[in-house]
There are 2 protein chains.
Amino acid sequence: MPTTLKEIAEKINVSVSTVSKALKDYADVNPETKKLILKTAKEMNYKPNSFAVNLRTKESKTIGLIVPEIVHHFFSSVIKGIIAQAEKKGYLVIILQSNESYELEKKQLELLQNKRVDGILVSIANGTSKFDHFKEVIDNDTPLVMFDKIAKIIDCSKVIIDDRKAAYEATKYLIEIGCKKIAHFRGPLLPQNSIDRFLGYKKALEDFNIPYDSKLVYVLNDVSFEEGKYYAKKLVEEHKNVDGIFVNTDLVAIGAITAFNEMNIKVPEDISIVGFSNWFMSTVVSPSLTTINQPGFKMGKEAFKVLYKEIKAKKKNEEFRYKKVVLDTDLIVRNSTKPILKS
Amino acid sequence: MPTTLKEIAEKINVSVSTVSKALKDYADVNPETKKLILKTAKEMNYKPNSFAVNLRTKESKTIGLIVPEIVHHFFSSVIKGIIAQAEKKGYLVIILQSNESYELEKKQLELLQNKRVDGILVSIANGTSKFDHFKEVIDNDTPLVMFDKIAKIIDCSKVIIDDRKAAYEATKYLIEIGCKKIAHFRGPLLPQNSIDRFLGYKKALEDFNIPYDSKLVYVLNDVSFEEGKYYAKKLVEEHKNVDGIFVNTDLVAIGAITAFNEMNIKVPEDISIVGFSNWFMSTVVSPSLTTINQPGFKMGKEAFKVLYKEIKAKKKNEEFRYKKVVLDTDLIVRNSTKPILKS
DNA sequence: TTTCTAAACGAAAACGTTTTCGAAAATAAC
DNA sequence: GTTATTTTCGAAAACGTTTTCGTTTAGAAA
């Protein structure tokens, strides 16, 4: 059984309070006794019982994290960033996956609150369209930070990229290299990201006087490789002369590339494709994929930083103003896009 | 502030003990009072204080998990499996990443013990060659299960694949399709996996009377895409007529494929390549990669199951015999390998 | 009636810490 | 010498549970 303060105290004939104070470097303990206590504590291999500390201090130095999916290049990068930053500050991270399900997300949020984590980081499931469960968290005074997939309607700190701007840049690039008929494979209707990416796409078309055609916009459900293949085929069946696609996610874009390869449609000669997220995979596929780099690791770090500040503020009973951190993205040009030569 | 047992007790004029007992379904409480207690507990939105429960019961229903790397298809699949299974049993998972570093791994192991998690799952870092820190965990009576990257020398439960057998199968397949001069890109010297995969490769050569040539075995450090490219180039510089490669990991194999594509060496016509792990990426690269499927999700589930049994046994003070679970792998043939036609 | 059993409840200890507050001892000031 | 101040320590409460064990009451058995 692990050593307790009491055992140390009995061994050297002082009180439990003194031992505790010595270990926590209080001023009112004689340097001599302190030295002795530190020494015996080390000898007896004392480790504070975190359960008791938690109960007493009402904090666990643990945060909760809910992501829609773990096996996912972007999210695993974010997770890595969160854990790295949390570790620096002495926090541990409990991870849960909502599998894009509203029900699970809600249950897990309750679970984490019951466990009394010091704060919660969450990226919202695609299946979520009601947001009361987040409000409850905030009402319960548990620090909450949303990242990447957020709810505009909820008033809390957020760490995101400017999806709309990034999508605008991607589409603009397609226009600049000479594409005239640009399709868009968008994500599901609900999540803010797909909405914003769609809006960026649309805005770019408008700004450069290319007529918007809703038939050129395909709505995905799974956002999967297979869907990319499927809609690529559908696109060529339904339209002629499409010379560019802006795709919601790299994985889907890669599916599309694969389909075009199979159909003997040349990328980028016949059609240029821009993805989104810069999955590692995109450097490896052939042709390699032009895409928007989405800084996952950094987003993770920033999300924890904001949460940390909120936790600290709560502890000191200071007022805290919700922060909104917007991270930069950039366009990475690879081989799936190519300027169209005028003939 | 959250409701406590005391507040419920005061509200309906019973003792704290009775409230506790009612909520935990003890026999010695009047059905009438029990009903009342349950009702008021619900009304007051009572949630047990997990800190107090932990302290009292000496368990936290939380386990620790250390992986070498999170942004990694195989490991993220394992993590997903672990979390899924843990959730079923009411356990939460704290995740740490060792970044393949011995120092970090050791520190994190201590961290988790100080946090008094109920058990620990670990996949060993490449940088680890001493194993005393694991012995300490076991001596401390903390349930410990190793998965995938294990230490043979440590006596504890393990969940693995049969790397040697899988490598044997992969190499055998290359031989069967007619490869005569087969190279091997192996992992670092330390981890058991790379040793076993190498041994499987060697054994297959022996069994089929192909002379083993140590010059055809390249030792990788990072096990990265870049290394795959680098050693593919080196291989063609240093050897002629190599017609097959068995590669330690898909990522490296994909690097090699990319290099061959760049050098205009045809895969699989000029050279066949077999990878290991079945990363999702391997379906997407061109040509798609023949590889060994390594069941990450299942491994995660099994690892937790074993740990769970060990935790339960410890709680009941039952004896527990360490388990060794070996999961099946299988060869997935894609387009990076092709039978060599005899001329 | 008395004695015994069972049902229902509560007091209290325990888990191991943190922190307040008062007391004692030692020192300084007068 | 007395009084004031500082230094050093420990008692004790508190955090919110769980669980043992004893007590009370009512009813059954004698």
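All chains are named by letter (A, B, ...) in the order of the sequence lines, taking the proteins before the strands, and each is independently numbered beginning at 1.
- With rounding to whole Å, B/Ile37 atom CD1 is found 13 Å from D/dT17 atom P.
- Between B/Lys149 and B/Glu100 there is a salt bridge, since at least one side-chain N of the basic residue sits less than 4.0 Å from a carboxylate O of the acidic one.
- Looking only at atom types and distance, the side chain of B/Glu87 has a donor-acceptor partner in the side chain of A/Gln108 under 3.5 Å away.
- Between the NZ atom of B/Lys58 and the C1' atom of D/dT19 there is a distance of 14 Å, given to the nearest Å.
- Checking D/dC9, C/dA8, D/dT8 against every side-chain atom of A/Pro31, the shortest atom distance belongs to D/dT8.
- For NZ of A/Lys89, the number of neighbouring non-hydrogen atoms (other residues, nucleotides, ligands) closer than 6.0 Å is 12 at most.
- The CZ-C1' distance, from A/Phe51 to C/dA14, rounds to 16 Å in whole Å.
- OP1 or OP2 of C/dA8 has at least one side-chain nitrogen or oxygen of B/Asn30 nearer than 4.0 Å.
- Annotation: salt bridge (Lys or Arg N to Asp or Glu O under 4.0 Å) contacts involving residues 15-44 of chain A, sequence neighbours excluded, comprise A/Lys21-A/Asp28, A/Asp25-A/Lys34, A/Lys39-A/Glu43.
- Per the geometry, CZ belonging to B/Arg116 stands 11 Å off C1' belonging to C/dC15, to the nearest Å.
- Rounded to an integer number of Å, the gap from B/Leu5 CG to C/dA14 C1' is 15 Å.
- Residues from residues 8-29 of chain B with heavy atoms under 4.0 angstrom of DNA chain C, sorted by number: B/Asn13, B/Val14, B/Ser15, B/Ser17, B/Thr18, B/Lys21, B/Asp28, B/Val29.
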Original post:
Would B/Lys80 and A/Glu69 count as a salt bridge (charged side-chain N to carboxylate O under 4.0 Å, His left out) if you check the C-alpha gap in whole Å, the side-chain angles of each, and the deciding distance to 0.1 Å?
Top reply: CA-CA 8 Å; B/Lys80 182 168 175 160; A/Glu69 170 65 58; 3.0 Å; yes
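- Tested against B/Ile95 for a side-chain contact (heavy atoms from CB on, under 4.5 Å), the candidates B/Leu121, B/Ile70, B/Ile82 yield a single pass: B/Ile70.
- In terms of position on DNA chain D, the residue among B/Thr57 and A/Leu55 whose nearest nucleotide sits closer to the 5' end is A/Leu55.
- Set against D/dT17, D/dG16, C/dT17, the side chain of B/Tyr46 has D/dT17 as its closest nucleotide.
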